[in-house]
Amino acid sequence: MAIENKVVVIVGASSGIGAATAKLLASKGAKLILGARREERLQQLVTEIDGEIDYKVTDVAIKEDVKKLIDFAMTKYGRVDVLYNNAGIMPRENLSDAKYENWENEIQINIMGVLHGIGAVLPIMKKQNDGLIITTDSVAGHVVYPESAVYNGTKFAVRAIMEGLRQEERLHGIRSSIVSPGAVNSELNSTLDNPALEKEMAKMFAGSNPEDLRMNVLDPEDIANAVAYIIDQPKHVTISDMIVRPTAQEV
């Protein structure tokens, strides 16, 4: 199995998709280094997972933090096989709201956080002539809708960056992949900063009919399965772009 003994660094690992992915990959024998801002959540996750796992508190908006995380993985294992850029935020507002602080945070976390990961791990993977960089994008990186222009912009940017990475490094044994989830029941929804939308999302996620909810919302484990599938491919196969939607999602 291709996942077994792979050294995988997951950024944005403390909850949701990141935590679900860590649990799944550990069950398949991966060696994990987890990074996120909330140390208490990382500590709890490590106690819940059997296998080779460690963590380092990491803020993806800080270049030095991400570099220290990758260095930590190298010190512990001597290589990095997979980097999973999963940290992100999703404020939702109209451009006329002029929420500059939200916009700046989105750019720093959703775009620069990805670039910090790529910049830190690429020299290592080029020396290895092998490596896989996966980034969580979004359906929002494929379509544009109201109250989301800046978030859409960051996710379109991630698609462009990851495709540029693929083209530049394809002859160096380095694969690049994005996973674009639709609606997922995760803590990302707590970053909306939009009371009306938060109420609407809470109502959807608390649907009285479990089957209706199942058709409209993904679990973090659904995306973890997609990430594991990408990692499990042989070196000559790259899953460049995967969209995973709830069956009933419209866009």
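- Residue E250 places its CD atom among 12 or fewer non-hydrogen atoms of other residues, nucleotides or ligands, all under 6.0 Å distant.
- Between the D81 side chain and the V8 main chain, no donor and acceptor come within less than 3.5 Å of each other.
- Residues E48 and Q44 have side chains that bring a donor and an acceptor to within less than 3.5 angstrom of each other.
- What you find for I174 and L122 is that their closest heavy atoms are CD1-CD1, 3.7 Å.
- Side-chain N/O atoms of N86 and T136 include a donor and acceptor closer than 3.5 Å.
- The two residues A13 and L45 make their nearest non-hydrogen contact at O-CD2, 3.2 Å.
- Not a single donor-acceptor pair under 3.5 Å links the side chain of N152 to the backbone N or O of V144.
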Original post:
Can you check side-chain contact (heavy atoms from CB on, under 4.5 Å) on I118 and M162, steps first, answer last?
Top reply: CA-CA 9 Å; I118 292 171; M162 293 299 290; 4.1 Å; yes
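- In terms of heavy-atom proximity, G88 sits nearest to I109 at CA-CG2, 3.8 Å.
- Residues I239 and I230 come closest through the heavy atom pair CB-CG1, 3.9 Å.
- Between the side chain of D222 and the backbone N or O of D219 there is at least one donor-acceptor pair closer than 3.5 Å.
- At a threshold of 4.0 Å, the pair R166-E163 counts as salt-bridged, since one of the basic side-chain nitrogens sits closer than that to a carboxylate oxygen.
- Of the candidates I223, D137, V244, V158, D137 is the only one forming a side chain to side chain contact (heavy atoms under 4.5 Å, CB included) with S180.
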